[in-house]
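Before any comments, here is the structure.
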Amino acid sequence: DNIAPLPPTALAVSDHPADQGGALDLAWTASTSTDATGYHVYRSLTTGGGYVRVTTNPVAGTVYADSGLTNGTAYYYVVRALDGANESANSNEASGAPADNVPPAAPTGVATADRPADQGGAIVVTWSANAEPDLAGYNLYRSLTSGGSYAKVNAALLAGLSFTDTGLANGTTYFYVIRAADTSGNEGANSAQASAVPIDDGIPTAPANLAASDRPNDEGGAISLSWS
């Protein structure tokens, strides 16, 4: 047999789901040649050529997962059918770029409290650190209603584990959740909700320069006081 099988068709490449990247999934339609026994997958970093075979042994089915790749890099693929001795022409080319699509876990240990010793208008929110190695920071969300909807408070990602939310109305209940974000831009689910009410609990400054003197031009029985 010196006649090559017909190439596979409809090659498609997609990012592998629910992982932290580094892998692409390939799928194609089988060759219509009845003597086709398997397939080899070829990959390139350049569209249109320079393909290198990535399969050591022929693939029996019509799907293949290519791993060990670099996130954000475009990879170009073709697939060729085999009939034992002969290899087909290239399939259509398809490309994809692996990405981290697993968001961080929801933060834990969220607590809220009125900021002490002030005239109100501020709540301190704290939480426990996430353990993901690709963690980029946190976003804080606030609502006037328990359960949402929440609006983001911070303009830039929070690197620490606490945030003081200011400009609030004393006596109003504010509800908060925290979400963690990673370096690929994935944002996780809401933390447990925590709430607090800002109050005026500042102690006034003691008056100064208190002075006492007898009230003039009277028959006594009175003292005049002044202070600043």
Side-chain angles (χ1 to χ4, degrees), residues 15 17-21 70-72 97 99-228:
D15 179 52
D19 69 358
Q20 290 188 312
T70 301
N71 287 354
D100 175 1
N101 47 40
V102 175
T108 60
V110 179
T112 51
D114 173 61
R115 185 173 66 181
D118 66 1
Q119 291 186 315
I123 290 174
V124 179
V125 186
T126 59
W127 57 92
S128 300
N130 277 49
E132 290 85 358
D134 61 343
L135 183 74
Y138 304 90
N139 286 316
L140 174 66
Y141 291 83
R142 178 183 66 212
S143 176
L144 291 172
T145 305
S146 179
S149 57
Y150 302 102
K152 191 166 76 168
V153 174
N154 52 296
L157 278 176
L158 304 175
L161 300 176
S162 67
F163 183 83
T164 301
D165 191 18
T166 59
L168 307 178
N170 287 352
T172 298
T173 302
Y174 294 90
F175 302 88
Y176 295 89
V177 294
I178 303 289
R179 300 175 193 167
D182 65 21
T183 54
S184 296
N186 299 305
E187 187 178 66
N190 291 341
S191 68
Q193 179 182 270
S195 64
V197 178
I199 59 173
D200 179 355
D201 53 5
I203 300 174
T205 303
N209 303 314
L210 175 64
S213 61
D214 177 58
R215 186 171 66 182
N217 303 317
D218 65 2
E219 294 183 345
I223 292 177
S224 296
L225 289 84
S226 63
W227 61 87
S228 56

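Here, residue 1 is the first one in the sequence, and each next residue gets the next number. None of these values were measured; they are calculated from a predicted model.
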Point-to-point distance, once rounded to the nearest 0.5 Å, from CG of Asn190 to CD1 of Ile178: 9.5 Å
Check: Ser143 side chain, Thr145 main-chain N or O, donor-acceptor pair, under 3.5 Å: yes
Do you know the tightest heavy-atom contact between Gly72 and Ala97? C-CB, 4.2 Å
Kindly give the heavy-atom pair with the smallest separation between Ile223 and Ala212, and that separation in Å. CG2-CB, 3.9 Å
Any idea which heavy atoms bring Gln20 and Val102 closest together, and the distance? N-CG2, 3.9 Å
Can you list everything that forms a side chain to side chain contact (heavy atoms under 4.5 Å, CB included) with Ala129? Sequence neighbours excluded, please. Tyr138, Leu161
Could you measure the distance from the OG1 atom of Thr112 to the CG atom of Asp165? Nearest 0.5 Å is fine. 10.5 Å
Any side-chain heavy atom of Pro103 within less than 4.5 Å of one from Glu187? no
Asp201 side-chain N/O to Pro116 backbone N/O, donor-acceptor pair under 3.5 Å: no
Would you sort out whether Thr126 and Val110 count as a side-chain contact (heavy atoms from CB on, under 4.5 Å), showing the intermediate values? CA-CA 6 Å; Thr126 59; Val110 179; over 6 Å; no
From Tyr141 atom OH to Ser149 atom OG, the distance as rounded to the nearest 0.5 Å: 12.0 Å
Can you check whether Leu144 reaches Thr172 side chain to side chain, under 4.5 Å on heavy atoms? yes
What do the steps show when you test Asp15 against Asn101 for side-chain contact (heavy atoms from CB on, under 4.5 Å), and what is the final call? CA-CA 9 Å; Asp15 179 52; Asn101 47 40; 2.5 Å; yes
Could you tell me whether the side chain of Asp182 reaches within less than 4.5 Å of the side chain of Glu132, counting heavy atoms only? no
Assess whether side-chain contact (heavy atoms from CB on, under 4.5 Å) is satisfied between Ile123 and Thr164, documenting all intermediate values. CA-CA 6 Å; Ile123 290 174; Thr164 301; over 6 Å; no
Indicate the atoms forming the closest heavy-atom contact of Trp227 with Pro207, along with that distance. CD1-CB, 3.9 Å
Side chains of Pro198 and Arg115: closer than 4.5 Å at any heavy-atom pair? no
Would you name the heavy atoms of Ala180 and Ala105 that are closest together and state the gap between them? CB-O, 3.8 Å
Looking at every non-hydrogen atom in both residues, tell me the closest pair between Asn71 and Asp100 and how far apart they are. ND2-N, 3.8 Å
Pairs satisfying ring-ring contact (aromatic ring centres under 6.0 Å, His included), at least one member in residues 149-198, at least two apart: none
Rounded to the nearest 0.5 Å, what separation is found between the CG atom of Leu135 and the OG1 atom of Thr183? 8.5 Å
Heavy-atom side-chain proximity of Asn154 to Asn139 below 4.5 angstrom: yes
Going by side chain to side chain contact (heavy atoms under 4.5 Å, CB included), name the residues that satisfy it together with Ser228, two or more places apart in sequence or in a different chain. Ala208, Asn209
Side chain to side chain contact (heavy atoms under 4.5 Å, CB included) with Val125: which of Val177, Leu158, Leu140? Leu140
Heavy-atom side-chain contact between Leu168 and Thr166 under 4.5 Å: no
Could you walk me through whether Ser191 and Arg179 pass the side-chain contact (heavy atoms from CB on, under 4.5 Å) check? CA-CA 6 Å; Ser191 68; Arg179 300 175 193 167; over 6 Å; no
